[in-house]
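Input: a single structure, listed below in structure tokens.
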2 protein chains.
Amino acid sequence: MNHVEKIIGHAEQQCKAHGVRLTEKRKQVLAGLIQSDKALSAYELVDFCTRHYGQTMPAMSVYRILEFLEHEQLVHKLSLANKYVACAHISCGHAHTVPQFLICRQCSKVKEISIQPATIAELRESVNEAGFKLVTTQLEMNCLCEGCVAQAA
Amino acid sequence: MNHVEKIIGHAEQQCKAHGVRLTEKRKQVLAGLIQSDKALSAYELVDFCTRHYGQTMPAMSVYRILEFLEHEQLVHKLSLANKYVACAHISCGHAHTVPQFLICRQCSKVKEISIQPATIAELRESVNEAGFKLVTTQLEMNCLCEGCVAQAA
DNA sequence: AGCTGTCATGTTACAACATATCATTTGCGG
DNA sequence: CCGCAAATGATATGTTGTAACATGACAGCT
Ligand SMILES: [Zn+2]
Ligand SMILES: [Zn+2]
Ligand SMILES: [Zn+2]
Ligand SMILES: [Zn+2]
């Protein structure tokens with residue numbers, strides 16, 4: 001039982017606990033995101049599933065499945081890049097707080113982090129001063145990953 | 001000379017200073033963004049220009065013009081919403097630093113603010129700790145504006 | 001077994017967002 | 001006026017995402 005299958009197992013438990021089903025197709029999409037160590041677009045997932053599981057995966061299904069997985073917090077949507085990424089914390093037990101995402105603009109690698117609550121609070125304060133209200137503290141930031149920084153140098 | 005025209009005037013000066021031309025079409029697109037007090041999609045701008053200036057504005061042109069205006073810092077692209085907004089500081093003389101954007105998810109109103117350098121520094125530090133590098137401190141945050149908060153209540 | 005309701009998936013069509021490429025026009029210096 | 005470069009026009013195509021309705025799978029009931 002490899003790394004990916006282990007995470008899928010956890011995801012399945014989690015779904016069972018919520019009274020929803022992690023079907024075969026849903027597993028395929030989730031597995032695609034897990035085995036890729038970067039964010040993928042919906043259509044990249046279509047290609048992955050079609051190539052990998054030997055039957056065409058309709059784009060519509062992928063979108064529906066991504067919506068389901070996002071709802072279950074197994075997947076996060078990155079609006080900054082129009083891509084999707086597997087949650088980095090499916091297996092680690094600890095409660096899932098609102099994450100922040102560092103997205104490599106070069107290679108789409110993504111790091112899911114938790115910024116200091118104090119920093120978040122300062123941000124929220126700045127927003128309030130401007131007369132707006134944050135609807136989520138999920139942030140997405142344009143970055144370069146270690147590998148791509150090294151390569152650029 | 002109304003508000004919009006005044007800003008366009010400033011923009012024209014700025015372009016002249018950079019040795020580039022703010023043509024009629026470019027003025028039309030910029031004016032569309034200025035008179036709207038919210039972010040607009042490229043195709044909303046197509047509609048605006050076509051309706052407002054009596055000749056069809058091809059989508060292709062709008063994209064080219066937005067690219068130009070963005071390059072001149074007269075317009076900002078909001079990736080979080082796939083929309084575009086006029087710079088809030090065209091007329092105010094002071095140098096344009098890297099902005100942060102508060103985007104109302106309800107009505108697309110946008111506030112362009114400057115977050116405390118100290119807060120930005122903390123963010124950058126968190127990113128570095130995760131082994132990534134920020135490529136820009138332009139942030140986009142999902143918010144509700146005052147009006148929409150009031151309405152929701 | 002046959003019926004029925006619910007959730008998941010399939011299929012088709014289209015809307016919305018964005019870029020590529022090549023032709024034509026326009027503004028401007030020489 | 002000529003020739004160049006910048007800007008725009010025209011057409012095609014690629015990418016991302018949703019709407020609407022049909023079909024399939026399965027569980028619980030009669
Ligand atoms: Zn997560
Ligand atoms: Zn990278
Ligand atoms: Zn600005
Ligand atoms: Zn609003």
Side-chain angles (χ1 to χ4, degrees), chain A residues 11-12 15-16 18-33 38-50 52-72 74-85 103 105 108 140, chain B residues 11-12 15-33 38-50 53-72 74-85 103 105 108 140:
Chain A
E12 201 154 19
C15 284
K16 206 166 276 176
H18 289 55
V20 295
R21 280 183 298 152
L22 190 63
T23 64
E24 203 47 48
K25 297 276 181 185
R26 288 168 177 177
K27 275 185 202 173
Q28 289 178 8
V29 170
L30 180 55
L33 281 178
K38 58 195 187 81
L40 298 179
S41 76
Y43 282 81
E44 285 170 335
L45 281 166
V46 167
D47 290 348
F48 172 86
C49 290
T50 298
H52 226 76
Y53 301 106
Q55 48 186 315
T56 67
M57 170 69 86
M60 189 66 246
S61 293
V62 169
Y63 278 106
R64 281 193 285 231
I65 288 169
L66 286 170
E67 188 182 14
F68 168 87
L69 294 172
E70 202 187 356
H71 195 257
E72 294 301 314
L74 297 168
V75 155
H76 300 292
K77 169 172 181 145
L78 304 175
S79 300
L80 218 49
N82 292 324
K83 290 184 190 297
Y84 303 82
V85 68
I103 306 170
R105 298 314 308 206
S108 292
E140 302 174 28
Chain B
E12 201 154 19
C15 284
K16 206 164 277 174
H18 289 54
V20 295
R21 280 183 297 150
L22 190 63
T23 64
E24 202 47 45
K25 297 275 181 188
R26 287 168 176 176
K27 276 186 202 172
Q28 289 178 10
V29 170
L30 181 54
L33 281 178
K38 58 196 188 82
L40 298 179
S41 76
Y43 281 81
E44 287 169 335
L45 281 165
V46 168
D47 290 348
F48 173 86
C49 291
T50 298
Y53 301 105
Q55 47 188 316
T56 68
M57 170 70 87
M60 190 63 245
S61 293
V62 169
Y63 278 105
R64 278 193 289 231
I65 288 168
L66 286 170
E67 188 182 14
F68 167 86
L69 295 172
E70 201 186 357
H71 195 257
E72 295 300 314
L74 297 168
V75 155
H76 301 293
K77 170 173 178 144
L78 303 175
S79 299
L80 219 49
N82 293 324
K83 290 183 191 295
Y84 303 81
V85 68
I103 305 170
R105 298 315 308 205
S108 292
E140 303 174 26

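Lettering of chains follows the sequences in order, A, B, ..., and the numbering in each one begins at 1. Just so it is clear, the model here is predicted, and its values are computed rather than measured.
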Can you check the [X] [atom1] to [N] [atom2] distance for me, whole Å?
{"X": "A:E67", "N": "C:dT9", "atom1": "CD", "atom2": "P", "value": "13 Å"}
{"X": "B:F68", "N": "D:dA5", "atom1": "CZ", "atom2": "P", "value": "19 Å"}
{"X": "B:E70", "N": "C:dA18", "atom1": "CD", "atom2": "C1'", "value": "13 Å"}
{"X": "A:Q28", "N": "C:dG10", "atom1": "CD", "atom2": "P", "value": "9 Å"}
{"X": "A:I65", "N": "D:dG17", "atom1": "CD1", "atom2": "P", "value": "16 Å"}
{"X": "A:L66", "N": "D:dT16", "atom1": "CG", "atom2": "C1'", "value": "12 Å"}
{"X": "A:Y63", "N": "D:dT16", "atom1": "OH", "atom2": "P", "value": "7 Å"}
{"X": "B:R26", "N": "D:dG9", "atom1": "CZ", "atom2": "P", "value": "11 Å"}

Hey, does the side chain of [X] come within less than 4.0 Å of [N]'s phosphate (OP1/OP2), counting only N and O?
{"X": "B:S61", "N": "D:dT8", "answer": "no"}
{"X": "B:Y84", "N": "C:dA18", "answer": "yes"}
{"X": "A:T23", "N": "C:dC7", "answer": "no"}

Side chain proximity check, [X] to [Y], heavy atoms < 4.5 angstrom:
{"X": "A:C49", "Y": "A:V29", "answer": "yes"}
{"X": "A:L22", "Y": "A:L69", "answer": "yes"}
{"X": "B:K77", "Y": "B:V75", "answer": "no"}
{"X": "B:R105", "Y": "B:L80", "answer": "yes"}
{"X": "A:L33", "Y": "A:L66", "answer": "yes"}
{"X": "B:V62", "Y": "B:M57", "answer": "yes"}

Notebook entry, point to check: With sugar-phosphate meaning primed atoms plus P, OP1 and OP2, does B:K77 contact a base, only sugar-phosphate, or nothing at under 4.0 Å between heavy atoms?
Noted result: sugar-phosphate
Check: Heavy atom of residues 41-48 of chain A under 4.0 Å from DNA chain C: which residues?
Finding: none
Notebook entry, point to check: Counting distance only, does the side-chain N/O of A:E140 pair as donor-acceptor with the main-chain N or O of A:S79 below 3.5 Å?
Noted result: yes
Margin query: For a quick check, with a 4.0 angstrom heavy-atom cut-off, what is the B/S/- contact string for nucleotides 20-27 of chain C, read 5' to 3'?
Written below: BB-----S
Margin query: Taking the minimum atom-to-atom distance to the side chain of A:N82, which one of D:dG17, C:dA18, C:dT9 wins?
Written below: D:dG17
Check: Does B:E67 CD have over 12 foreign heavy atoms under 6.0 Å away?
Finding: no
Notebook entry, point to check: Which of these, A:K27, A:R26, A:R21, sits in a side chain to side chain donor-acceptor pair (under 3.5 Å) with A:E12?
Noted result: A:K27
